[in-house]
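Accompanying notes for the structure given below.
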Amino acid sequence: MNDEKKILSVRDLEVVYTSGKKVVQAVNKVSFDMNKGETLALVGETGAGKTTIAKSILGILPNPPAKLIGGEIWLEGEELISMPDAKKLKIKGEKIAMIFQDPMTALNPLMTVGDQITEGLLLHNDYTKEEAIEKAEEMLELVGIPKARYVEYPFEFSGGMKQRVVIAMALACNPILLLADEPTTALDVTIQAQVLDLIKTLRVKHNTSMILITHDLGVVAETSDNVAVVYAGKIIEYATKKDLFLSPSHPYTIGLFNSLPSMTQGQKRLNPIIGSPPDPTCLPMGCSFAPRCPFVTEECSKEEIPFAEIAEGHFCRCCNLKQEEKTCH
Amino acid sequence: MSLIEVQNLKKYFKVPTGLNHAVDDVSFKIEKGETLGVVGESGCGKSTLGRTMIRLQDATGGKILLNGNDITNAKGNELRRVREKMQIVFQDPYSSLNPRIRIESTIMEPLRHSKLYKTKAELKDQTHRLMELVGVDERLRQSYPHELDGGRRQRVGIARALALNPDFIVCDEPVSALDVSIQAQVLNLLMDLQEKTGIAYMFVTHDLSVVRHISNTICVMYLGQLVEKASTEDLFLNTLHPYTQALLSAIPSTDIYHPMQRVQLKGEITSPINPEQGCRFLARCPYAIKDCKQPQKLEEIEKNHYVACCRVREIN
Amino acid sequence: MGRYILKRLLWMMVIVFGTALVIFTILYFTPGDPAVVIAGGNAKAEDVANLRHLLGLDKSYFGQLREFMYNTFIKFDLGTSWVYDKPVLHELVIRLPRTLIIGLSAMALNLTLGLLMGIFAATHEGKWYDSLTMGIAMIFISCPDFWVALIMILLFSSQLGWLPSYGIGGPQYYIMPIICSALGGIAVNARQTRASILGVFREDYITTARAKGQKEGRVIYGHMLPNALMPIITSIGNGFARVVAGSAVIESVFSIPGVGLYLLTAINSRDYPVVRACVLFFAVFTALSMLLVDLVYAFVDPRIKAQYSNARRRMK
Amino acid sequence: MRKEKRSSLFAETMSRIWSNPGAKVGIIILVIIVSACIFAPFIASYGLNEMDLKNMFKGPSAKHIMGTDGMGRDLFSRLLYGGRYSLALGICAAVVGSVIGIIIGSVAGYLGGQAETIIMRFMDIWSSLPSMLLCILISAVLGAGFFNTVLALSIGNVPIGVRLIRGQILSERSKEYLEAAESINCSKISIMFRHLLPNVISPVIVDATMGIGMTITMAAALSYIGLGVQPPTPEWGAMLADARTHILNYPYLIMFPGLFIALTVLAINLIGDGLRDAMDPKLRK
């Protein structure tokens with residue numbers, strides 16, 4: 001925590017969801033660090049716990065059913081989980097902001113888009129109403145929306161435009177950390193390209209750090225510095241983008257890459273991961289990926305697999321790395 | 001003779017503000033055992049095209065030929081025969097299966113309607129054969145759809161489409177709701193089935209990497225019209241239409257050393273309601289000139305490579 | 001917006017016209033001769049025949065219908081009571097305020113108390129006082145209003161002597177009728193408000209508001225409530241109409257000479273002009289309150305508002 | 001096979017209702033009331049019209065646990081017998097009204113287009129009067145009596161059912177499984193009844209259940225204002241009407257019939273609430 005560059009540090013984060021008698025371990029002892037200006041991509045499939053991690057950081061987990069049962073989140077030397085609610089309200093939206101997956105539902109349908117941006121500005125700044133409106137109009141222009149549309153309602157905007165509004169809202173107070181939860185999944189490819197570029201430009205301009213949640217490895221390749229692969233509530237591989245794309249080590253990560261239809265090669269059979277993600281209510285002992293892993297051994301299910309550093313800055317949660325390399329590479 | 005031939009197909013919808021030209025003057029052929037990919041962004045009419053072809057919706061104009069027979073206006077028994085030959089796999093595995101009907105009954109239903117199987121035992125045998133074919137475990141036959149994950153549900157949808165031994169299946173974004181690893185499994189399944197049965201697909205999707213992986217020929221649609229049609233390799237190596245170029249360049253690439261040179265498009269997809277006469281891509285096209293306000297025709301620029309753009313030769 | 005209101009008013013007229021037609025026809029074909037009832041049991045056949053002629057009952061169905069429709073919709077003359085020989089319109093106007101006072105006050109109670117209870121329960125979901133509030137609402141819904149009225153008379157009039165038990169006079173005469181009319185509506189509104197708020201509880205835009213760092217109170221009153229109230233606005237019209245129509249029973253329990261009791265008495269004495277006039281009044285009243293609510297809704301919901309006010313702008 | 005399928009979805013719903021405490025209480029109360037009414041001859045210590053002229057207007061006592069009325073008839077026994085009428089009225093009218101509503105609503109949804117518009121416009125006129133008023137009018141026209149009251153109450157209930165099921169059909173009509181059914185050559189009838197209806201019926205069932213309670217109340221109100229079932233018949237509302245003149249002297253004559261109505265309606269509403277939660281598709285996953 002004494003490291004000047006480090007802005008975010010998550011330690012042993014644990015979140016469970018309860019529905020009736022069922023308990024789902026959504027996030028299981030997740031730890032990672034982030035430096036200022038860095039983009040960390042959280043990659044994984046539906047239900048892996050990516051969004052839950054982001055919502056825990058911002059402190060907007062829906063409780064019930066979700067419950068944060070352990071861990072620490074340090075932002076610029078302050079611990080967020082134990083922070084009193086009133087103080088935390090100042091952090092939300094001012095220091096940490098979030099962009100949501102579905103722009104269609106992320107905006108209040110009964111409020112003009114301008115007012116929704118102004119709302120956050122008034123909360124975290126000493127602006128007068130007029131100043132806030134002016135700033136909000138500035139934000140709209142910044143994300144490529146004419147400021148005349150300040151008074152329009154969300155239904156008058158297309159999906160891509162709504163996402164721009166959401167981005168304007170998130171960046172209005174110059175947060176130091178931006179959580180982007182699948183910001184382009186609901187958009188068309190050409191619009192996705194526009195939005196990704198927009199986020200990138202604005203982020204670089206203000207030196208904002210970002211956690212990008214996505215399932216699209218292409219988006220990861222284009223936007224992130226470091227990558228954490230999440231599977232069944234655990235980070236199973238963490239590396240710089242270059243390391244991860246050039247030498248993916250965990251069998252799951254390798255499987256993900258093999259599942260992608262190639263853009264540069266012709267038609268051939270894919271080598272997908274077999275089976276389906278595990279039932280989150282009863283995760284297997286040891287490695288959660290073991291039932292689907294082609295390299296599974298008896299050791300895999302014995303005990304918790306350590307998160308080992310296999311190369312400098314490249315961590316992997318697998319106990320059979322050596323055998324794998326023989327067969328794979 | 002092609003398996004399917006579509007000639008100048010049109011499908012318009014009345015909406016409060018005018019006429020939605022969802023599919024406007026589209027023509028192509030699909031051969032037996034071949035896969036035609038149809039790519040486009042949301043609202044370009046690609047799903048409507050598929051549904052109109054298999055007669056789930058009536059065409060506004062044009063012709064659909066199945067094995068040379070005009071089926072555009074088939075009715076009654078003829079339509080039933082047509083539907084046995086042409087099937088569809090839907091995008092959303094959550095809404096495409098009836099939540100109150102068990103897996104087994106869902107797959108059995110087309111078999112019952114075909115009246116090909118006399119006894120219950122025959123029906124059950126055939127159903128189980130289908131389940132095996134698509135890789136749905138037999139012990140799941142008494143399950144309800146909500147008890148299955150997305151991949152398995154999509155397999156059930158495929159089994160239902162295969163039940164009547166069709167010659168042709170429209171796959172309407174069958175993998176876009178699935179996770180990457182499951183998506184690959186379903187793609188493999190579709191390709192295996194094609195190898196085994198010689199079935200033809202029309203693969204409708206917005207995902208260019210998927211369409212490239214599975215198709216022989218690709219059509220690119222923009223606001224109801226075809227803008228480019230070519231064999232898969234041709235389209236990717238020698239992209240001609242400015243929209244296709246932009247579309248291809250917009251896909252985030254996993255190749256971290258050779259990021260794509262991006263063609264940024266201005267604006268968003270315009271409305272297909274009461275469109276202007278000229279090129280529909282006009283407003284967003286970086287190369288637009290006055291001539292583009294004339295109607296654009298799909299022309300054969302190179303062998304088997306069709307493009308609807310009057311400036312295609314100058315640009316490339 | 002003007003066109004929309006005009007359209008709605010026209011449709012309202014059609015409904016009222018239809019209701020007039022239906023009510024006339026029903027009464028015409030009702031078994032039993034009103035002249036016999038009005039003339040009394042001992043009247044001679046001759047007197048009855050005279051009365052029939054006097055009331056116009058000897059004319060054909062179409063003759064009578066034409067006369068009724070002409071008088072009602074062209075001359076705006078609701079006729080004269082057969083029993084009391086007084087102009088119906090005049091009598092209605094005297095009785096109307098009593099019914100409206102009860103109806104409007106009950107509605108005001110419905111909304112305020114219902115909303116408060118609903119908000120209170122929803123924001124404390126799962127706590128014991130949520131269950132308590134909803135339990136009370138459940139009991140309010142389940143008790144027949146006229147029985148509650150009887151119990152209240154027993155308690156407050158005969159036991160405690162606080163309130164007069166029947167008739168009209170000062171404000172104290174209206175207290176019990178208003179409370180009895182309101183109870184059911186309060187409960188319905190409370191339940192609906194709670195369900196509606198819980199429905200928007202998990203909406204993404206609520207999360208967005210929280211992510212901005214907005215205080216919980218503002219999230220509830222600024223974001224959640226306006227959205228949750230939308231469906232409740234639509235039900236206000238219905239609720240109001242129901243309260244006014246229910247006045248028949250409550251007015252009869254408390255012997256309040258309002259429109260409802262007027263109708264009931266007229267039904268029993270076969271005083272058809274009064275019955276028809278009262279029914280038309282209720283129909284117009286229902287239609288008007290529905291219209292009013294729709295207008296309020298169109299005004300509050302930007303989506304609907306735009307549909308009507310921007311229609312011209314988009315036509316271009 | 002079909003049977004087994006039904007029973008399991010049914011059983012699932014049932015077990016869910018049973019695990020809802022409110023609904024459990026409702027079921028218990030209703031079962032007690034219904035069986036007491038059905039087995040009235042075995043439970044009631046007096047006959048329906050058994051008069052005891054020496055014991056008129058006697059308040060609750062060990063002999064007559066709820067007292068006697070103006071003719072010396074045992075109130076408790078009459079309430080049990082009367083429950084048969086009230087319950088039958090409520091159930092018949094709610095069921096008949098909902099069934100007609102479902103039929104009209106599904107026909108409208110099935111036909112679509114112009115026919116649907118016409119049907120719905122007709123429903124607008126039908127429901128231009130609030131249902132209570134409609135019931136008052138119809139029963140005034142038809143005259144008093146059990147079946148006429150059932151008819152009046154059913155007619156008042158129809159538009160509600162139509163609106164509800166049509167709304168459901170509208171939101172379900174665009175689902176892909178219906179297109180899938182069409183593409184595998186299901187007939188329109190089979191799409192309507194095998195695919196669409198089972199998926200839209202739950203809210204209507206919930207509504208019909210709650211409707212039973214409302215109908216019992218309305219029936220009682222009708223009887224009370226002298227239009228529904230008439231006094232010699234021991235319907236609960238009619239008994240209240242009968243007792244209204246004695247309200248000041250013999251309040252128990254008002255209390256007990258009202259309590260019976262309120263308890264029954266409460267039980268039915270509790271069950272309806274439980275049913276709504278149990279049938280909520282969101283909870284199925």
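We name chains A, B, ... by the order of the sequence lines, and we start the count at 1 in each one. Computed over heavy atoms, backbone and side chain alike; hydrogens, waters and symmetry mates excluded. Just so it is clear, the model here is predicted, and its values are computed rather than measured.
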Answer yes or no: are there more than 12 heavy-atom neighbours, outside [X] itself, under 6.0 Å from its atom [atom1]?
{"X": "B:Tyr201", "atom1": "OH", "result": "yes"}
{"X": "B:Lys63", "atom1": "NZ", "result": "no"}
{"X": "D:Phe146", "atom1": "CZ", "result": "yes"}

Cationic N near anionic O, under 4.0 Å, B:Arg51 to D:Glu182 | no

Closest heavy-atom contact between [X] and [Y]?
{"X": "D:Ala180", "Y": "B:Phe90", "result": "CB-CE1, 3.4 Å"}
{"X": "D:Asn185", "Y": "B:Leu79", "result": "OD1-O, 4.3 Å"}
{"X": "B:His113", "Y": "D:Cys186", "result": "NE2-SG, 3.2 Å"}

Out of B:Arg160, B:Arg112, B:Glu109, which one racks up the most heavy-atom pairs below 4.5 Å with chain D?
-> B:Glu109

Residue selection (most heavy-atom pairs with chain D, distance under 4.5 Å) from B:Arg55, B:Glu147, B:Met86, B:Arg83 | B:Arg83

Residues in ring-ring contact (aromatic ring centres under 6.0 Å, His included) contact with B:Phe203, at least two apart in sequence or another chain | none

Going from CG on D:Asn199 to CG on B:Asn98, what distance comes out if it is rounded to the nearest 0.5 angstrom?
-> 4.5 Å

Could you tell me the separation between the CG atom of D:Leu197 and the CZ atom of B:Arg100, rounded to the nearest 0.5 Å?
-> 10.5 Å

Per-residue contact mode, B:Leu56 against chain D (heavy atom under 4.5 angstrom) = both

Do we see a donor-acceptor contact under 3.5 Å between the side chains of D:Arg194 and B:Ser105?
-> no

Heavy-atom distance under 4.5 Å between the side chains of D:Lys175 and B:Pro99, does that happen here?
-> no

